[in-house]
Amino acid sequence: MPLQVAILAAGEGKRMRSAQPKVLHRLAGSPMLAHVLRAVRALEPRAICVVYGSGGDQVPSALPGKDLTWARQEKLLGTGDALRCALAHLPKDGVTLALFGDVPLVRTETLTSLVAAVDSDKLAVLTATPGDPSGLGRITRGAAGEVRAIVEEKDASPVQRAIGEINTGVIAAHTERFAQWLARLTNNNAQGEYYLTDVVALAVNDGVTVVAVTTEDATEFQGVNDRVQLAAAERSLQRRAAQALLRDGVTLADPERIDVRGTLHCGKDVTIDINCIFEGTVTLGDAVSIGAQCVLRNVNVGDGSAVAPFSHIEDAEIGGRCRIGPYSRIRPATVLGNEVHIGNFVEVKASTIGARSKANHLAYIGDASVGRDVNVGAGTITCNYDGANKHRTVIEDDVHIGSDTQLIAPVTVRKGATIGAGATISRDVPAGELTISQKKQVVVPGWKRPRKAQS
């Protein structure tokens, strides 16, 4: 039976106290809705319709996708009306799975179980028994244990509020059945809205079997309605990521103090210290170690490399057996060869650095091509910007650059050259020679240091 998905994401999220639509608030580096989309896409449905409303076109603009259809709910008349909007944009046959856009912890495996329960002509609802069911719709059952209805808490009696089993908001049925039930919904309730949950009672009245699929992990369907719940969901996602890394053999100094805000791939014997942040797509090769407080964004790190604490690396390629940091900053479009050393308070931007080259202290290398076996002394900078344009510095193999050197681009330092400390280089340096900038040292006899006036 063909499957299609309706994601109801039109809510205002008033408790977030934000101009941004609720489903666009970020978790683990991605909008909340993106996590739901990731889970449902793994089901390989033939169509996905997202219902949006609050925030105008911010939501579809933030999450473009060729496989997505967007439906605008002009007036927020309830979840039943939202699904009605979605069905207008979906095929009329097959099975429709409906869920909310604010349940970022949902797992594909759980959704698969729910869809399988629809069978030939059934309505399937996903239920859970959380520690605190407050604010959630309760599942009411008959004498034989069969599901009879879902009662929203605001409409529930004291007896019904004592029920522990709740509706997660995930429901699936044949599309034709959904259309029939939605057409019969009324808004005769405390909210004056069309409740999607009311289709359960309508299904029972029509003699359709209602199947409850219970999830063991109630947090999987914890909605996010305020900043407290947003923070809790973030921690849950990070714990999942940490547990997955541990199962894959990664050593984490403290699983509670790591943030994966994208995708992190690790080889064998990888070690990650506390409070590291990984954004975008990061790949760590075998035997890589990442020190505390590092931030890596869209980075590949080769086998055996070590990144010392407080280093930031972004959009870069790091070779094998490199030594980075502490306090290094490697900016976009940087490529380091094998066994390169980038030390403390060294910044590298849009540069290639060949094998075994070193810049160990207090240097800036920008828009440069650095060869093999180059030593860059402390305090050396490439002066790559003339106020209007960037220019490139070329440093060939086996060059030794003394401390406090300024290389004014465009300039080339030829193979095997040596530059003395304190030089200002504005012309090409010949191969194999020593180049210095001589400055006369002057002593001023009788000079007195200024002193503050006595009060």
Side-chain angles (χ1 to χ4, degrees), residues 7-18 22-23 25-28 32-33 35-36 39 76 78-80 82 98-111 113-114 117 124-142 145-172 189-193 195-201 210-243 255-256:
I7 301 176
L8 313 183
E12 292 182 70
K14 291 180 180 179
R15 282 178 279 171
M16 299 297 287
R17 297 182 62 82
S18 173
K22 180 173 70 170
V23 295
H25 284 268
R26 301 183 81 80
L27 287 167
M32 193 187 312
L33 179 57
H35 294 278
V36 180
L76 303 184
T79 53
L99 73 164
F100 295 115
D102 66 351
V103 285
L105 303 178
V106 60
R107 298 178 191 268
T108 302
E109 297 79 4
T110 305
L111 297 178
S113 299
L114 183 73
V125 295
L126 193 67
T127 72
T129 307
D132 180 8
S134 300
L136 303 170
R138 307 303 204 275
I139 302 295
T140 65
R141 293 178 179 266
E146 75 281 10
V147 175
R148 302 296 299 174
I150 299 173
V151 181
E152 297 298 332
E153 184 171 78
K154 291 185 178 181
D155 301 300
S157 67
V159 172
Q160 291 169 329
R161 290 183 184 180
I163 296 171
E165 187 180 17
I166 58 93
N167 168 44
T168 65
V170 185
I171 188 168
N189 50 60
Q191 294 287 88
E193 295 180 351
Y195 292 156
L196 175 57
T197 49
D198 285 350
V199 303
V200 172
V210 177
V211 181
V213 177
T214 302
T215 176
E216 301 267 331
D217 182 6
T219 64
E220 189 174 348
F221 292 93
Q222 174 62 55
V224 176
N225 296 301
D226 57 30
R227 305 282 182 168
V228 173
Q229 293 174 341
L230 187 71
E234 177 72 32
R235 279 299 93 210
S236 293
L237 286 170
Q238 294 303 339
R239 288 191 188 99
R240 281 188 189 177
Q243 291 299 316
E256 289 293 316

Considering all heavy atoms of both residues, which atom of [X] and which atom of [Y] are nearest to each other, and what is their separation?
{"X": "Ala233", "Y": "Leu105", "value": "O-CD2, 3.9 Å"}
{"X": "Phe221", "Y": "Val103", "value": "O-CG1, 3.9 Å"}
{"X": "Ala9", "Y": "Val23", "value": "CB-CG1, 3.9 Å"}
{"X": "Gly164", "Y": "Pro133", "value": "O-CB, 4.1 Å"}
{"X": "Pro255", "Y": "Ala242", "value": "O-CB, 3.5 Å"}
{"X": "Val213", "Y": "Ala117", "value": "CG2-CB, 3.7 Å"}

State which residues pass side-chain contact (heavy atoms from CB on, under 4.5 Å) with [X]; sequence neighbours excluded, sorted by chain then number.
{"X": "Gln191", "result": "Lys154, Asn189, Glu193, Tyr195"}
{"X": "Arg141", "result": "Ile139, Val147, Glu165, Ala212"}
{"X": "Phe100", "result": "Leu8, Thr79, Asp102"}
{"X": "Leu136", "result": "Pro130, Ile166"}

#### Entry: Note, Gln238 side chain near Glu256 side chain (heavy atom, < 4.5 Å)
no
### Query
What's the spacing between Ser236 OG and Gln229 CD if we round to 0.5 Å?
11.0 Å
### Task
Output the distance between atom OG1 (Thr110) and atom CG (Leu126), rounded to the nearest 0.5 Å.
6.5 Å
### Message
Taking Glu153's backbone N and O only, do any of them form a donor-acceptor pair with Arg161's side chain (distance below 3.5 Å, no angle check)?
### Response
yes
### Message
Treating His35 as the side-chain partner and Leu27 as the backbone partner, does any N or O pair qualify as donor plus acceptor under 3.5 Å?
### Response
yes
### Message
I need the full list of salt bridge (charged side-chain N to carboxylate O under 4.0 Å, His left out) pairs touching residues 223-234, with sequence neighbours left out, sorted by first then second residue.
### Response
none
### Query
Can you list every pair that meets salt bridge (charged side-chain N to carboxylate O under 4.0 Å, His left out) and has a residue in residues 211-220, with sequence neighbours left out?
none
### Message
Go through it in stages, so that I can follow the logic: the residues are Leu99 and Ile7, the test is side chain to side chain contact (heavy atoms under 4.5 Å, CB included), and I'd like the CA-CA distance, side-chain angles, deciding distance and then a yes or no.
### Response
CA-CA 5 Å; Leu99 73 164; Ile7 301 176; 4.0 Å; yes
### Trace of the side chain to side chain contact (heavy atoms under 4.5 Å, CB included) decision for Lys22 with Asn225
CA-CA 8 Å; Lys22 180 173 70 170; Asn225 296 301; 3.0 Å; yes
### Message
Evaluate Gln160 against Asp155 for side chain to side chain contact (heavy atoms under 4.5 Å, CB included), listing each step before the verdict.
### Response
CA-CA 9 Å; Gln160 291 169 329; Asp155 301 300; over 6 Å; no
### Passing option when Thr140 is tested against Ile163, Ile150, Val159 for side chain to side chain contact (heavy atoms under 4.5 Å, CB included)
Ile163
### Task
Under the side chain to side chain contact (heavy atoms under 4.5 Å, CB included) rule, what do His25 and Val224 come out as? Steps first, then yes or no, please.
CA-CA 10 Å; His25 284 268; Val224 176; over 6 Å; no
### Task
Please check if any side-chain donor atom of Thr197 sits under 3.5 Å from a side-chain acceptor atom of Glu152, or the reverse.
yes
